[in-house]
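A short write-up of the structure that comes next.
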Amino acid sequence: MRNNGMIDLRSDTVTQPSPEMRRAIYQAEVGDDYYGDDPTVHALEEKAAERLGKEAALLVLSGTMGNLVSLMALTRPGESVILAEGSHIHVNEAGGLARVAGLTPRVVSAPRGLITPQAVGGAMLSNRPINPLTSLVCIENTNNAAGGCVVSAEAIDSLCAFAHEHGLKVHVDGARLFNAEVALGVPAARIIEGADTVTFCLSKGLACPAGAIVAGDADFVAEARLCRQTVGGGMRQAGIFAAAGLVALDSMIERLAEDHENARLLAGILAEADLPVVVEAVDTNMVYLEVPESVMSARIFVERIKQAGVLVNPPKGKRVRMVTHYGINPDDVKEAADCIVGCLNGRVRC
Ligand SMILES: Cc1ncc(COP(=O)(O)O)c(C=O)c1O
């Protein structure tokens with residue numbers, strides 16, 4: 001996608017709604033959702049619950065809000081939650097888990113996004129009077145910080161079996177759950193079958209202008225609805241963007257395979273260019289590069305490719321993330337790859 005002439009690989013959140021979404025938004029039948037009057041919101045919530053194999057679903061404004069209301073609904077203030085180092089809920093949601101939900105994080109490592117039962121066992125705190133009782137485990141699928149990695153249904157099953165045996169609930173931050181569905185070739189409902197609750201985003205690879213869904217059993221969704229109101233997330237004519245969500249569930253999921261193909265294309269070109277950088281394995285729509293300090297600082301690398309027309313987020317240490325999405329085609333990928341190779345070879349001077 002040309003964003004002011006730039007190839008924008010910052011995130012799949014920069015996607016523009018499809019023409020079909022824009023038409024659906026224009027034509028949406030809406031009502032006041034506080035009164036339960038918005039038919040398009042109802043249709044989306046029903047469709048999403050069915051797609052996820054859960055009893056009920058709730059539309060929220062963002063993935064962050066979906067995770068927050070899930071944490072609030074699944075726990076009580078003063079308890080603790082196990083989650084992965086670098087997970088979005090832990091480091092990218094402005095501390096809502098502690099500030100709003102009143103939870104103590106218990107952070108475990110999760111190589112390639114996988115939290116093992118052993119890691120949960122090691123991090124659980126009991127209900128002794130000095131401990132913040134551990135009541136929840138959160139996993140992320142796909143896992144962003146770990147490299148857009150996919151966690152299999154079987155791995156989630158065994159984690160959930162262990163957690164449930166010990167009285168813990170499991171929430172899946174599935175902001176990009178449908179990327180996992182497409183990469184694994186396994187329905188989303190099966191992937192999260194063992195988990196109690198899930199959030200997925202409409203606004204990332206699915207290209208909606210806003211919105212996320214939380215789903216679980218009917219009691220959980222009733223409580224999450226109350227928590228959504230607590231954080232100011234009650235909506236009125238939300239069918240305006242729910243209409244795009246319906247289009248996304250019908251027509252944007254299979255398309256994610258193109259993003260994965262483009263990410264593999266990018267990683268493949270960079271790996272073959274024999275550059276002095278590490279190109280991490282690609283599972284879905286993210287390509288992570290590690291730029292050794294001896295080559296150049298990742299910050300300077302990002303600045304140089306920006307000057308040459310490729311936009312990515314500021315690096316985290318040596319790691320630079322590139323995300324393919326609805327607005328990126330194979331020609332954009334080749335052009336971006338050429339620019340990156342040129343920059344690292346010293347051909348591109350800015
Ligand atoms: C893994 C993960 N979870 C949750 C979110 C939050 O989504 P939102 O930006 O809609 O709040 C993101 C956003 O990038 C994410 O990557």
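Any value given below was found using the heavy atoms of this structure, including those in side chains, with hydrogens, waters and symmetry copies removed. Just follow the structure's listing: the first ligand is 1, and inside any ligand the first atom is 1.
- For the residue pair His90 / Glu85, no side-chain donor-acceptor distance below 3.5 Å is found, with atom types taken as modelled.
- A donor and an acceptor atom, one from each side chain of His325 and Ser11, are nowhere located under 3.5 Å apart.
- For the residue pair Asp196 / His164, a side-chain donor-acceptor distance below 3.5 Å is found, with atom types taken as modelled.
- Side chain to side chain, His260 and Asn179 meet the donor-acceptor criterion of an N or O pair below 3.5 Å.
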Which pairs of N or O atoms, one from ligand 1 and one from the protein, are separated by less than 3.5 Å, and what is the distance for each pair?
{"residue": "ligand 1", "atom": "3 (N)", "partner": "Asp173", "partner atom": "OD1", "Å": "3.1"}
{"residue": "ligand 1", "atom": "3 (N)", "partner": "Asp173", "partner atom": "OD2", "Å": "2.7"}
{"residue": "ligand 1", "atom": "7 (O)", "partner": "Lys204", "partner atom": "NZ", "Å": "2.8"}
{"residue": "ligand 1", "atom": "10 (O)", "partner": "Gly63", "partner atom": "N", "Å": "2.8"}
{"residue": "ligand 1", "atom": "10 (O)", "partner": "Lys204", "partner atom": "NZ", "Å": "3.4"}
{"residue": "ligand 1", "atom": "11 (O)", "partner": "Gly63", "partner atom": "N", "Å": "3.4"}
{"residue": "ligand 1", "atom": "11 (O)", "partner": "Thr64", "partner atom": "N", "Å": "2.9"}
{"residue": "ligand 1", "atom": "11 (O)", "partner": "Thr64", "partner atom": "OG1", "Å": "2.6"}
{"residue": "ligand 1", "atom": "16 (O)", "partner": "Asn144", "partner atom": "ND2", "Å": "3.1"}
{"residue": "ligand 1", "atom": "16 (O)", "partner": "Arg176", "partner atom": "NH1", "Å": "2.8"}

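- Between Arg23 and Glu20 there is no salt bridge, since none of the side-chain N atoms of the basic residue sits less than 4.0 Å from a carboxylate O of the acidic one.
- Annotation for Arg76: atom CZ does not count as buried by contact number, only 12 or fewer foreign heavy atoms lying within 6.0 Å.
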